[in-house]
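Excluded from the calculations below are hydrogen atoms, water molecules and symmetry mates; all remaining heavy atoms, backbone and side chain alike, are included. For reference, positions follow the sequence shown, starting with 1.
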Amino acid sequence: MNPIFIKSGLLAAVLAISGCASMSPPVRPDYTGADSVSSADASQLLGSWRINPLNPYPDAEPQETTVEYMADGTVLGETVPGGESAALLGDTRFQFRGTWSLDGDTVVHKDVQMSTTGGNAMASMMARMISSRQNISGSANIYELSANRIVMVGDDGNATEYVRQ
């Protein structure tokens, strides 16, 4: 699973399911980028990043996601739904917190918890449902890495671009 994978991936899945008329799950397009990174230093990830999907599910609604990797091993993030979800959820923001570590060229997230702001009952229920799962975790392989851009591909095939803020 990809880093924002956990928060935005689960959020995207919940939002997709809630608005999906078909009972067949959507199929994520394959990511065809090359893996050019074999190791990384944790200091290269520190800071705030804006996240952009590189191979979203078909008809995925837009969302704004930011994440911050901190030196103490904490990761914080926020996702703001867009499109029809924004109309349904109002000014809701999904916030998440967990821990992160780096193993070679793999980013590992653990103990992720989600909360919401905005007071929307449906959004609060979604966040509680996601956070009720114990030990939410995931990992992603770093495919590209520079001072201002990272591409990660999660175990689930979710490819995500991180752009330094």
Side-chain angles (χ1 to χ4, degrees), residues 1-38 40 45 49-67 69 75 77-90 92-98 100-116 120 122-146 149-163:
M1 196 176 248
N2 187 314
I4 264 328
F5 45 69
I6 297 171
K7 65 197 177 340
S8 70
L10 286 175
L11 175 59
V14 170
L15 294 175
I17 290 168
S18 67
C20 185
S22 168
M23 293 307 283
S24 344
V27 176
R28 180 185 303 283
D30 291 334
Y31 178 69
T32 59
D35 184 352
S36 62
V37 177
S38 59
L45 277 73
W49 302 86
R50 179 178 169 88
I51 297 183
N52 303 306
L54 296 176
N55 64 337
Y57 286 109
D59 301 322
E61 292 190 334
Q63 61 185 25
E64 291 181 27
T65 301
T66 56
V67 64
Y69 289 102
V75 61
E78 182 173 83
T79 297
V80 180
E84 291 179 25
S85 293
L88 178 66
L89 299 173
T92 297
R93 294 175 181 270
F94 290 88
Q95 298 171 329
F96 60 93
R97 151 181 229 104
W100 74 280
S101 61
L102 184 64
D103 182 13
D105 67 344
T106 301
V107 179
V108 179
H109 293 86
K110 293 183 179 177
D111 305 320
V112 176
Q113 293 291 310
M114 183 175 285
S115 61
T116 60
N120 182 283
M122 181 177 184
S124 295
M125 180 188 68
M126 290 166 51
R128 280 193 310 274
M129 186 173 69
I130 291 168
S131 290
S132 70
R133 294 181 52 203
Q134 297 297 313
N135 303 315
I136 296 176
S137 62
S139 62
N141 180 270
I142 300 173
Y143 271 47
E144 297 178 34
L145 177 62
S146 68
R149 183 175 184 266
I150 302 172
V151 172
M152 295 189 211
V153 179
D155 295 334
D156 62 355
N158 181 19
T160 309
E161 173 189 52
Y162 290 63
V163 178

Shortest non-hydrogen separation from [X] to [Y] and the atoms involved:
X    : Y    : result
P81  : Q63  : CA-CB, 4.2 Å
Y57  : P26  : CE2-O, 3.6 Å
A159 : V153 : CB-CG2, 4.0 Å
R149 : W49  : N-CZ3, 3.9 Å
N120 : T92  : CB-OG1, 3.2 Å
L54  : T160 : CD1-C, 4.0 Å

Just verifying a value: how many Å separate [X] [atom1] and [Y] [atom2], rounded to the nearest 0.5 Å?
X    : Y    : atom1 : atom2 : answer
Y31  : N55  : OH    : CG    : 8.5 Å
R93  : S115 : CZ    : OG    : 12.5 Å
D35  : M152 : CG    : CE    : 12.5 Å
L89  : E84  : CG    : CD    : 11.5 Å
Y162 : L145 : OH    : CG    : 12.5 Å
S139 : W100 : OG    : CH2   : 14.0 Å

Task: Donor-acceptor contact present, side-chain E61 to main-chain S85, <3.5 Å - done: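 Here the side-chain-to-backbone pair exists.
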Could you check if a side-chain atom of [X] sits within less than 4.5 angstrom of a side-chain atom of [Y], using non-hydrogen atoms only?
X    : Y    : answer
V67  : F96  : yes
E161 : E144 : no
I142 : L45  : yes

